[in-house]
Amino acid sequence: MDKLSSMSSKKFFIANWKSHKTPGDVVNFLESVKKGLQNINLENKTIIIAPPYPLLPSLKEGITSNNLPFEVSSQDVSAFDEGAYTGEVSARLIKNFASYAIIGHSERRESFKESDDFLLKKVEFALKEGLTPIYCVQNEDQGIPPGVRIVAYEPPTAIGTGNPDDPNHIEEVFNKIKEKYPEVSVLYGGSVNKNNISIFLNVPNLSGFLIGGASLDLSSFLSLLSQW
Ligand code: PGA
């Protein structure tokens, strides 16, 4: 199997913790999750947790010490290299703690006015430092920067609203994305929870989920993982 087809047959489960959790919460989560994972088939699943920046080191350390099958992602990355950029966190620093970086989430595009050009720089720095971008688009028309292999389709009307997109519409969007970018794995995100995840599982080309609110609670996290 070549590298591209092995990437697209992978199943991604990305937990985006947004601005939630403390160091103590991370310790509790990791200590408790191990038992729950025992009954779940994890074959071919890449499980990625994206905590707030200050929790990256403790998450990475806890995953190693508990021997858990999880990968770490940042929720963002700087559009600049290391330097005089107050408040920024560079890819060069993040790569010590994470292998992935979410880029272009709609909450950043909207609340922080991040443009496609600005996001392109983030992707370039991530790739340069060896981080795998998880690039978010809000519709099928948004461009995807060169080098991106994982794309999360996240319609803003579905994020945190309890109103996920319709599976037929997701299929249409995925088809259009795959027509233009056949090399990418496409994920869906927006109000996926343990009660509705099953309705998305038959969407053609679906390579995974980016889950916010429903990934915070341990039993919900495990239920989602066991159904995917
Ligand atoms: P949600 O968020 O699952 O809470 O809707 C998804 C996301 O924004 O990543």
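When a ligand or atom number is given, it counts from 1 through the structure's own listing order.
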Original post:
Is the shortest distance from a heavy atom of Ala214 to ligand 1 less than 4.0 Å?
Top reply: no
Subject >> Those residues that, when tested against Lys194, pass salt bridge (charged side-chain N to carboxylate O under 4.0 Å, His left out) (two or more places apart) >> reply: none
**OP:** Identify the protein heavy atom lying closest to atom 8 (O) of ligand 1, giving its residue, its atom name and the separation to 0.1 Å.
**Re:** His105 NE2, 2.6 Å
**OP:** Show which atoms of ligand 1 fall inside a sub-4.0 Å distance from at least one heavy-atom site of Gly190.
**Re:** 5 (O)
Subject >> Shortest protein contact, atom 2 (O) of ligand 1 (heavy atom only) >> reply: Lys18 NZ, 3.2 Å
Subject >> Ion pair Lys176/Asp141, N-O distance below 4.0 Å >> reply: no
Original post:
Is it true that Glu114 and Arg109 make a salt bridge, defined as a side-chain N closer than 4.0 Å to a carboxylate O?
Top reply: no
Original post:
Considering only heavy atoms, does Asn16 approach ligand 1 within less than 4.0 Å through its side chain, its backbone, both, or neither?
Top reply: side chain
Original post:
Does a donor on one side chain sit under 3.5 Å from an acceptor on the other, for Asp117 and Ser115?
Top reply: no
**OP:** State whether a side-chain donor-acceptor pair under 3.5 Å links Glu61 with Ser65.
**Re:** no
Subject >> Heavy atom of the protein closest to atom 4 (O) of ligand 1 (residue, atom name, distance) >> reply: Gly213 N, 2.9 Å
Original post:
Is there a heavy atom of Gly189 sitting under 4.0 angstrom from any atom of ligand 1?
Top reply: no
Subject >> Residues Tyr153 and Asn139: side-chain donor-acceptor under 3.5 angstrom >> reply: no
Original post:
With atoms numbered from 1 as shown, which atoms in ligand 1 lie under 4.0 angstrom from a non-hydrogen atom of Ser191?
Top reply: 1 (P), 3 (O), 5 (O)
Original post:
Looking at atom 3 (O) of ligand 1, what's its closest protein heavy atom, distance included?
Top reply: Gly212 N, 2.8 Å
Subject >> Worked verdict on Phe221 versus Phe29 for ring pair (Phe, Tyr, Trp, His ring centres under 6.0 Å) >> reply: CA-CA 10 Å; Phe221 177 95; Phe29 187 94; 5.0 Å; yes
